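Worksheet: one structure, shown below.
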Amino acid sequence: NGDASPPVSMAELDHLVQIISKSHLETCQYLREELQQMSWQSFLQDEVESYQNKPREAMWQLCAVKITEAIQYVVEFAKRIDGFMDLCQNDQIVLLKAGSLEVVFVRMCRVFDSQNNAVYFDGKFAGPDVFRALGCDDLITSVFDFAKSLCSLHLTEDELALFSAFVLLSADRSWLQEKLQVEKLQQKTQLALQHVLQKNHREDGVLNKLRCKVAVLRSLCSRHTEKLSAFRAVYPDIVRTHFPPLYKELFG
Amino acid sequence: LKEKHKILHQLLQNSTS
């Protein structure tokens, strides 16, 4: 691509794949073995109804807590990505503020049951109806659709790891101070992702499908921000006093 | 930006457990 920097060697790509995959597995919140043991148990009807009967603000707070838990694992993932901690602190913050929730949505496909259209949440597998009390059915449907479509690609753990790093290291985020540094890191990550896909004999279209997912992720995250501001307009005190501080810092 | 993101900044400072 006419890039002046020296080409990345195969060995360097293998090394990058190894580091990012290891970082992913060390910080993935739910190991595959744990997921298998859970035997995909879903909520019983009365449990579903108890979520549906929760006051809107209580369900919002519960979801904010769960999102924040997942985001903390993503922060740990970022810290272990080769080169991320070499970026200036401003850019580390910019990338995580913009990309942590996107990586949470990517990781969601690891805990998603496509047959039953259900995601692991609060101890069991929950369908979209569990989230009715939030008052965001359109966004919830889109999030479930995204998880289902990402699941259909059947990405391996190292492919997921590389795609997560690729999403996080987006050089087009606003407020970046050292854009070129991030661009170099993202290009290397993309080469590593291509390398893994080739090594795993994936058909050609997968990389393009993954690129299209990036735009969907952006839309999901901006819709989340819109829903939050609409919610906060009605319940400002709840957000201020009951929402996790990190969540307010990132999305407030 | 660091001022407005003290928690995130602190998480980044913590050693990778």
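As the structure is a prediction and not an experimental result, all values here were calculated from the model. Quick note: numbers below take in every heavy atom, side chains included, and nothing from hydrogens, waters or symmetry partners. Proteins come first, then strands; the chains are lettered A, B, ... in the order of their sequence lines, and each starts at number 1.
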Considering the options B:Leu1, B:Leu12, B:Leu8, which one meets the side-chain contact (heavy atoms from CB on, under 4.5 Å) requirement together with A:Gln92?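 Only one option passes, and that is B:Leu12.
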So which bits of [range] come within less than 4.5 Å of chain B, counting non-hydrogen atoms only?
{"range": "residues 9-21 of chain A", "result": "none"}
{"range": "residues 240-252 of chain A", "result": "A:Pro245, A:Leu246, A:Glu249, A:Leu250"}
{"range": "residues 230-237 of chain A", "result": "none"}
{"range": "residues 214-229 of chain A", "result": "none"}

Side chain to side chain contact (heavy atoms under 4.5 Å, CB included) between B:Lys2 and A:Asn90, worked out: CA-CA 7 Å; B:Lys2 253 186 283 181; A:Asn90 176 84; over 6 Å; no
Side chain A:Lys79, main chain B:Leu11, donor-acceptor under 3.5 Å: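 Indeed, once roles are kept as given, a pair shorter than 3.5 Å links the two residues.
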Does the pair B:Gln13 and A:Gln89 meet the rule for a side chain to side chain contact (heavy atoms under 4.5 Å, CB included), with working shown? CA-CA 10 Å; B:Gln13 298 302 104; A:Gln89 284 180 348; 3.0 Å; yes
Is the number of heavy atoms from other residues, nucleotides or ligands within 6.0 Å of CZ (A:Phe146) greater than 12?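 It does: A:Phe146 CZ has more than 12 such atoms within range.
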So what's closer than 4.5 Å to chain A heavy atoms on B:Lys4: side chain, backbone, both or neither?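 B:Lys4 touches chain A through backbone heavy atoms alone.
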